[in-house]
Number of protein chains: 2
Amino acid sequence: MPIAPGRGPLYVQVRERLIERIAEGLWQPGQPLPSEIMLAEEFGVSQGTVRKALDALAADNLVVRHQGKGTFVATHTPQRELFHFFHLVGQDGAKQMPVTRRLLSCGQRRAERDEAVRLGLAANAHVIEIKRLRDMGGEPAILETIVVPARLFPGLSEIDALPNELYHLYEEGYGVTIHKAVEDIRAVAADRQAARVLGVDLGAPLLAIDRLAETLDGTPVELRMSLCDTRAHAYLSEIV
Amino acid sequence: MPIAPGRGPLYVQVRERLIERIAEGLWQPGQPLPSEIMLAEEFGVSQGTVRKALDALAADNLVVRHQGKGTFVATHTPQRELFHFFHLVGQDGAKQMPVTRRLLSCGQRRAERDEAVRLGLAANAHVIEIKRLRDMGGEPAILETIVVPARLFPGLSEIDALPNELYHLYEEGYGVTIHKAVEDIRAVAADRQAARVLGVDLGAPLLAIDRLAETLDGTPVELRMSLCDTRAHAYLSEIV
DNA sequence: GAGTGGTCTAGACCACAGA
DNA sequence: CTGTGGTCTAGACCACTCT
């Protein structure tokens with residue numbers, strides 16, 4: 001389908017059409033897009049215009065380009081998840097992979113009111129809640145509570161061995177690709193459960209990271225509250 | 001000076017040459033760069049190559065481009081400072097300008113050992129320390145301690161009325177442009193001074209934001225520790 | 001060798017700002 | 001009207017991957 005004139009710059013329109021197709025799953029994560037020449041023919045624009053659209057998608061981490069091979073829809077590798085979506089670092093500033101020490105609970109329940117609102121669900125919709133304790137450098141450091149809509153992840157609560165990095169599982173097992181997230185960070189006092197599992201005093205200061213993650217089309221799909229002991233680690237934010 | 005061949009892509013070399021000139025102050029903040037055509041002639045490349053270099057600089061917030069007017073070295077307006085370097089938001093997610101309620105102290109002293117290391121100073125170099133209490137929405141919310149090398153900011157400690165946004169003053173008054181910053185975020189317990197001025201209990205959880213800010217050439221020039229009451233506000237981190 | 005993305009050029013035309 | 005950046009094209013050549 002060639003692109004109609006008069007709706008703003010061509011490369012922006014091409015970019016939007018490509019985003020639509022990726023969002024609707026026409027090209028799956030890890031799969032190649034058609035070549036620049038093919039896309040240029042299809043849209044009735046020059047190769048340079050397609051290139052500009054694809055470069056913009058690459059800058060937004062939507063696709064990955066490989067010289068000599070092609071352009072591929074971005075996937076959630078553990079590396080990408082660690083460097084892009086995980087921000088706790090040790091004293092030396094180096095990132096470490098957080099390791100699940102213990103699965104505290106995992107099951108289905110009704111959504112709380114604010115959960116339903118933030119996830120865009122009906123008031124009494126079912127959600128799956130996963131609670132787990134994660135280590136950093138061999139010591140317990142993060143108490144993590146994850147809430148997702150049950151409808152999007154059938155059977156998730158029955159999986160015995162949840163992987164360390166859930167976003168890869170979301171993508172491979174359920175066709176849900178996390179694209180962006182917003183984190184609200186606060187300091188809170190440790191409650192009884194947090195104090196017990198993290199090995200800190202009741203009322204000790206903890207970092208509370210409240211994340212809402214969305215797919216490419218803006219649908220919110222995951223709530224994640226992380227309570228972190230920041231005596232040995234810190235949340236790193238780079239402002240460029 | 002035309003660009004020599006064989007050192008990688010031309011537009012990268014052009015970009016680096018332009019960064020050098022901006023860093024050394026050849027073009028001051030707010031001033032226009034030569035036009036694309038002029039730069040292309042000088043470097044002996046095509047206009048398209050210069051354009052690609054300038055677009056990259058614009059993406060890094062180093063220059064601002066205005067159709068019909070020209071390309072200008074980026075400046076620190078209060079807006080930019082608020083949206084780019086300040087991350088506390090209210091319950092509704094809206095940013096508010098923090099207002100200085102009280103200047104607690106301001107003076108010169110010797111650098112602590114870790115301050116000297118992080119700022120790249122000699123062990124006994126002089127630094128200026130500014131301590132102030134800032135409001136968010138009319139309530140005290142941030143206890144801020146700023147440490148800068150005295151050599152770079154002569155007379156800063158004698159200014160009566162420090163502005164709300166220091167980075168604009170650094171740029172205008174001292175020719176120091178902050179370009180990037182790294183923030184380490186932790187949860188800490190309120191000490192006596194913090195508890196008193198912020199109006200919280202002794203030991204209450206506070207967010208501690210430890211910022212090291214650098215100029216374009218990578219010289220560290222400011223240490224800033226912010227202790228924040230996050231009962232009414234949160235640190236916002238967007239992951240795209 | 002064929003196909004891919006990466007770089008570079010030259011030129012046309014458009015949109016906008018300012019004298 | 002001139003000069004600026006913004007868009008779009010067509011084509012050349014390079015670097016890389018795979019067969």
Side-chain angles (χ1 to χ4, degrees), chain A residues 1-19 21-22 27-75, chain B residues 1-19 21-22 27-75:
Chain A
M1 286 299 193
I3 284 191
R7 318 256 184 262
L10 290 182
Y11 75 89
V12 174
Q13 298 176 54
V14 171
R15 178 176 158 274
E16 284 166 356
R17 297 270 291 264
L18 294 174
I19 290 178
R21 295 190 186 177
I22 295 173
W27 303 310
Q28 293 291 313
Q31 294 304 112
L33 274 63
S35 74
E36 296 178 352
I37 294 174
M38 302 282 289
L39 291 170
E41 266 179 28
E42 189 200 350
F43 290 128
V45 300
S46 77
Q47 188 179 353
T49 300
V50 170
R51 167 174 296 278
K52 198 163 178 181
L54 288 173
D55 284 343
L57 294 186
D60 292 341
N61 294 310
L62 260 156
V63 301
V64 178
R65 316 197 75 188
H66 289 299
Q67 190 174 46
K69 298 210 287 188
T71 303
F72 302 81
V73 180
T75 63
Chain B
M1 287 300 195
I3 285 191
R7 316 258 184 263
L10 289 182
Y11 75 90
V12 173
Q13 298 176 54
V14 171
R15 178 176 158 275
E16 284 165 356
R17 298 269 291 262
L18 294 173
I19 290 178
R21 295 191 186 176
I22 295 173
W27 303 309
Q28 294 289 314
Q31 294 305 111
L33 273 63
S35 74
E36 296 177 352
I37 294 174
M38 303 283 287
L39 290 170
E41 266 178 28
E42 188 199 352
F43 290 128
V45 300
S46 77
Q47 187 180 352
T49 300
V50 170
R51 166 174 296 279
K52 198 164 177 180
L54 288 172
D55 284 343
L57 295 185
D60 293 340
N61 295 309
L62 260 157
V63 301
V64 178
R65 318 195 74 189
H66 289 298
Q67 189 174 43
K69 297 210 288 188
T71 303
F72 303 81
V73 180
T75 63

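A note on names: the letters A, B, ... follow the listed sequences, proteins ahead of strands, and every chain is numbered from 1.
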Does OP1 or OP2 of D:dT4 have a side-chain N or O of B:S35 closer than 4.0 Å? yes
On a heavy-atom basis, the closest approach of A:A74 and A:N61 is CB-O, 3.4 Å
Considering only side-chain heavy atoms of B:Q67, which listed nucleotide, D:dG5, C:dG6, D:dT9, is closest? D:dG5
Between B:E36 and B:R65 (salt bridge meaning N to carboxylate O under 4.0 Å), is one present in this structure? yes
Just the rounded figure in Å: distance from C1' of D:dA10 to CG of A:L10. 15 Å
Phosphate OP1/OP2 of D:dT9: any A:T49 side-chain N/O under 4.0 Å: yes
Figure out the CD/C1' separation between B:E41 and C:dT9, and round it to whole Å. 15 Å
Of the nucleotides D:dT17, C:dT7, C:dG5, which has the atom closest to the A:K69 side chain? D:dT17
What are the two closest non-hydrogen atoms of B:W27 and B:L33, and how far apart are they? CE3-CG, 3.7 Å
In whole Å, what is the span from the CD atom of B:Q31 to the P atom of D:dT4? 16 Å
Between C1' of C:dC16 and CZ of B:F72, the distance in whole Å: 13 Å
Between C:dG11 (P) and B:I37 (CD1): distance, integer Å: 12 Å
Among D:dT7, D:dG5, C:dT9, which nucleotide has an atom closest to any side-chain atom of B:V45? C:dT9
Decide yes or no on salt bridge (Lys or Arg N to Asp or Glu O under 4.0 Å) for B:R15 and B:D60, but give the supporting numbers first. CA-CA 11 Å; B:R15 178 176 158 275; B:D60 293 340; 3.7 Å; yes
Side chain of A:E36 only, heavy atoms from C-beta on: which candidate in C:dG5, C:dT7, D:dC8 is closest? C:dG5
It should be established whether B:R51 places a side-chain nitrogen or oxygen under 4.0 Å from OP1 or OP2 of nucleotide D:dG6. yes
Among C:dT7, D:dT7, C:dG5, which nucleotide sits nearest the side chain of B:P9? C:dT7
Hey, is the side chain of B:Y11 poking within less than 4.0 Å of OP1 or OP2 on C:dC8, counting only N and O atoms? no
Check this for me: does the side-chain of A:R65 come within 3.5 Å of the base of C:dG6 through a donor and an acceptor? no
Check the distance between D:dT9's P and A:K52's NZ and give it to me in whole angstrom. 11 Å
Does the side-chain contact (heavy atoms from CB on, under 4.5 Å) test come out yes or no for A:T75 and A:V64, once each step is laid out? CA-CA 9 Å; A:T75 63; A:V64 178; over 6 Å; no
Could you state the atom-to-atom distance from CG of B:L54 to P of D:dG6 in whole Å? 9 Å
Between D:dT9 atom P and B:Q47 atom CD, what is the distance in whole Å? 18 Å
